[in-house]
Structures are given as structure tokens and as C-alpha cells.
2 protein chains.
Amino acid sequence: MPRFKVPEVTVERLSIYLRAIKNLEGDEILSSQELADLVGTSDGQVRKDLAYFGEFGVPGQGYRIAKLKQEIRHILGLDSTWGIAIVGIGNLGAALLTYPGFKREEFEIRAAFDRDESKIEKVWRGIKVQHVDKIPKVLSERQIKIGVITTPATSAQEVADKLAKGGVKGILNFAPVRISVPKEIRLKNVDLSMQLETLSYFLRKLT
Amino acid sequence: MPRFKVPEVTVERLSIYLRAIKNLEGDEILSSQELADLVGTSDGQVRKDLAYFGEFGVPGQGYRIAKLKQEIRHILGLDSTWGIAIVGIGNLGAALLTYPGFKREEFEIRAAFDRDESKIEKVWRGIKVQHVDKIPKVLSERQIKIGVITTPATSAQEVADKLAKGGVKGILNFAPVRISVPKEIRLKNVDLSMQLETLSYFLRKLT
DNA sequence: TAGATTGTTAATCGATTAACAATC
DNA sequence: TAGATTGTTAATCGATTAACAATC
């Protein structure tokens, strides 16, 4: 669908635009300037980002909110439901099971895994925890295409290998370590240490 | 200290370099090429990033690991300890209290806050939860310069205002909403929804 | 000295911003 | 029509990559 190669930052902004207009009610029409103000960017940037995917606005008018919302949802692949598995049911894994950013129609947590025998068979938020060795089998059975790694750093690579075997297309990695995956699999690292450390850098300069 | 304006991505990579060489043992000397291989970038990028801050290597040799580690720690402001407060002791907040990326010498969680009376006075991982109204007072008493927001979206702005009043210099926001803070305060959004949605975009294209 | 690798400059690439003709 | 705002092109800005003299 995209007409040129789309920068990743553009995709990230689309997600942000979508959230901004979700919270919107009433107004039928929105200009690129108004949307820009909502998310803290420029009108040109908004139009440029959207232009990668087509023409969604009306010159002289703006964008019909309902239509724009639907278009962005479609672009982002949010008009169907993704099956998700969470691996590593420690504090963070358990927290993500209920985190509102995760628990939404578009994303359905369909399996949870851990290595620790004492956690197996326990039910967390309606999902029964299974042993990591079952990952490949369960993933294909339940059409799970996204894996979330919340294990300690030491297990992350091993888990990534199992997820790959299970046929996931994308991995969200919270373990504080770089892992390698086959190039067909999209890997996103959420590196909380790094976030804190860059914060430290910028604060450091202030003293 | 920096000789020119430093791009944020450079600071992020420094954090990644640091973690890579932390896990290293034995070898006394490391070349930019070796470090690049460890983190998946180029040798030139490594040298460029470091060059913003000084000359840490020896031409013809490479970088002394121990020295490099110390220099990067210093650049990132990790040679002292930052006081942290976590606001919103739901699943995610409680998880971060023990997350290894957070629980480290350089970062010390010194306070936890919630609005829910039923949580107040309870002790989580050795930290007594206090009412959010005490934020300004407690923050200045305990030298807390970083605030972490793990509340629902609806309370995030209110909490940010209280953190600002308490004199934090940086905020890490996990609430799925954009908040605004005085410009002296450095704001980092960790947007898990957005991460999942961009993953969805790239997977969508594969079908 | 010869070989290796740094620090840095110049060339390239890509994303953002500015500007405006086209269009409602 | 006049006014407003889009979609898009050109200009600018900034980051990455290539290349090499300086240096151990």
C-alpha cells in the first residue's frame, strides 16, 4: 500500500495520531494543524506522514475524523486481531497481562509461558501458564504471531529461538539484553535501562 | 563536556555500548570494530559517538575496556546515585520496583505513591506507599530527581504536575497519554501501545 | 619500521520544514 | 467567488557512512 519506503518514525507517529483522535468526540472534521497541535508536531509533518499511504483529506476542509481513524487503523493493521504470547510470568509479565496498552481488542493474549515448574498450570488473568518447551506447539495451534519476552536476560535468547520455531512474526523484547532473530522476524527492544540512562545523561548536564 | 550538540541517538547508543562491555571479561583492549559487532553497528559510528565527548582510545590499539567503561558511566551521569519515585502502584508500578533495569546501584527507588487509600501505608519491596498529595514534600526531603508515572491515563497529568512541584528534573511516563511538563523537565514517554502498533504495521505487510 | 586503529573531515543519505499550486 | 486547507515539490537540516592522515 505505501507509495514509497516509509520511515519507522512515520509509523510511530501514525500510532500517536490514532490515539489522539480516539480521545476525540463531537467534531466531525479536523485539520492537519489541529491534529498537529494535539500531538505536538507540525501540520506539514501530519500531511507528509499520511501522504505515504494515500489521500485521506479534503482540500480546503480537512480530514473527516471517523474516516481518518478507520484509515489509520487499517494502515497499522489494527482492523483484525493479533494473537500474543507472553513468556516469563514474573512481575513484569504479569503486569503486562493487564496493562491497558496491551489488553485491547486488537491484541489478544492467548498464551503465557514460564520455565519455573511452580508457576506452570497456574491461571493468571484467565490464562493458564505453560512450560516454555510447549511454545512451538501452542503458538501454531493458537495462531499466535507476536511474542513478548519478559524473562531475565539469561533466558531471553533461548526463548526467542523457541518463539521463532513457533512461527511468530514479531517479538517485543523487554529483557535487558540484545537478542538475535531470523531476519524475517521483526524485533522491537523495549529497553527500560536505556531510557533511565539517557534520562540520567540529560539531567546530569543540568547540575 | 560535549564538544558539539549531541544527538539523542548517540546517548542511547552509549548506554547500549556500556551494557555490552559490562558483560565483557578478560580482554583488556577492545577495538571500535569489536564493539560495533557486539551491538550491531559500524566501527565508524562507535568512534563518532565517543568523539563527541573526548579521545578515549589509543590509535593503532583500541580502547582499554576498564577505562572506556568508566568514561561512559561518567558521561551518562551514572557515577552517582539518582533518587527515584514511582507513582501508581498497580501491577506495572509494582513490577518496576523489582525490575533489574531499574533496581541498580545508580538508581535508587526512594518513594512510592498512590491515590488509593487501600494501598497507602502498605510496604512494597521495602518502600512504604504514601498518598500522592505528599509527593512535593517527600520528593524534596529525599532528594528525588526522577519520577516514574505508572498511573492510569486519567491521572497522569495531575501526577506530572505534582512531580514538577516536587522539583524532579526528569519524568519517565508509562501512562498511555501525552502529558505536558515545564520545559526544564526532561520527559521520556515509554509508549507500549505504540510499540505494539508499529509491530502490527510491519507484520501486516507480510501477509 | 610495518601494521593497525584511532579521531576527524568530506560525501552521502534520509528526514524535516517551508512554500505553494491545486482543490474544495 | 473568496477563504481555507490539502497534497506535493524543493530547500534545509542533521545524522550516517566512507575515507584517510595522524599516531601508537
Side-chain angles (χ1 to χ4, degrees), chain A residues 1-17 20-21 24 27-69 71-72 75 194 198 201-202, chain B residues 1-17 20-21 24 27-69 71-72 75 194 198 201-202:
Chain A
M1 179 194 346
R3 307 201 268 191
F4 307 97
K5 194 183 167 299
V6 180
E8 180 150 353
V9 278
T10 286
V11 179
E12 294 182 352
R13 278 192 299 262
L14 286 179
S15 167
I16 292 169
Y17 299 157
I21 60 180
L24 230 57
D27 303 329
E28 274 297 302
I29 292 269
L30 181 80
S31 70
S32 55
Q33 181 63 65
E34 289 170 312
L35 181 47
D37 289 344
L38 283 174
V39 303
T41 183
S42 67
D43 58 334
Q45 182 91 76
V46 168
R47 294 199 299 278
K48 195 95 211 276
D49 286 336
L50 293 171
Y52 282 103
F53 300 96
E55 309 190 354
F56 307 124
V58 185
Q61 310 283 302
Y63 301 86
R64 277 190 41 225
I65 291 176
K67 183 187 178 210
L68 185 60
K69 205 183 294 189
E71 293 285 2
I72 297 178
I75 292 165
M194 192 198 72
T198 58
Y201 169 78
F202 288 103
Chain B
M1 182 195 343
R3 306 200 269 191
F4 308 96
K5 191 181 170 299
V6 180
E8 180 150 354
V9 280
T10 286
V11 179
E12 294 182 353
R13 279 192 299 263
L14 286 179
S15 167
I16 292 167
Y17 299 156
I21 60 180
L24 228 59
D27 302 327
E28 274 296 302
I29 291 269
L30 181 81
S31 71
S32 55
Q33 182 63 65
E34 290 171 312
L35 180 48
D37 290 344
L38 284 173
V39 303
T41 183
S42 67
D43 58 334
Q45 182 91 80
V46 167
R47 294 199 298 279
K48 195 95 210 274
D49 286 337
L50 293 171
Y52 282 103
F53 301 96
E55 310 189 354
F56 307 125
V58 185
Q61 311 283 302
Y63 301 86
R64 279 190 40 225
I65 292 176
K67 184 190 178 202
L68 185 59
K69 203 183 297 188
E71 292 286 1
I72 298 179
I75 292 166
M194 191 198 72
T198 58
Y201 169 80
F202 287 103

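What you see is a predicted model, and the numbers here were worked out from it, not measured in a lab.
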In dot-bracket, 5' to 3', how would DNA chain C read with Watson-Crick or G-U wobble pairs under 3.5 Å, [ ] for crossing ones and | for pairs to another strand? ..||||||||||||||||||||||
How would you label the contact of [X] with the nucleic acid (heavy atoms, under 4.0 Å): base, sugar-phosphate, or nothing?
{"X": "B:T10", "result": "nothing"}
{"X": "B:K48", "result": "base"}
{"X": "A:G44", "result": "nothing"}

Work out which heavy atom in [X] is nearest to a heavy atom in [Y]; give both atom names and the distance.
{"X": "B:K67", "Y": "B:E55", "result": "NZ-O, 4.2 Å"}
{"X": "A:E8", "Y": "B:F202", "result": "CD-CE1, 4.2 Å"}
{"X": "B:S31", "Y": "B:Y63", "result": "C-CD1, 4.4 Å"}
{"X": "A:I16", "Y": "A:V39", "result": "CG2-CG1, 3.7 Å"}
{"X": "B:V46", "Y": "B:Y17", "result": "CA-OH, 3.6 Å"}
{"X": "A:R13", "Y": "A:D49", "result": "NE-OD2, 2.6 Å"}

Relative to the 5' end of DNA chain C, which residue comes earlier, B:D43 or A:K5, by the nucleotide with the nearest heavy atom? B:D43
Using heavy atoms to find the nearest nucleotide of DNA chain C for A:R47 and A:Q61 separately, return the residue whose nucleotide is more 5′. A:R47
Under 3.5 Å, side chain of A:Q45 to main-chain N/O of A:S42, donor-acceptor pair present? no
5'-most to 3'-most nt of DNA chain D touching chain B (<4.0 Å, heavy-atom partner on protein side) reads D:dA15 to D:dC24
Residues at least two apart in sequence or cross-chain that pass side chain to side chain contact (heavy atoms under 4.5 Å, CB included) with B:D43, listed by chain then number, are B:S32, B:Q33, B:R47
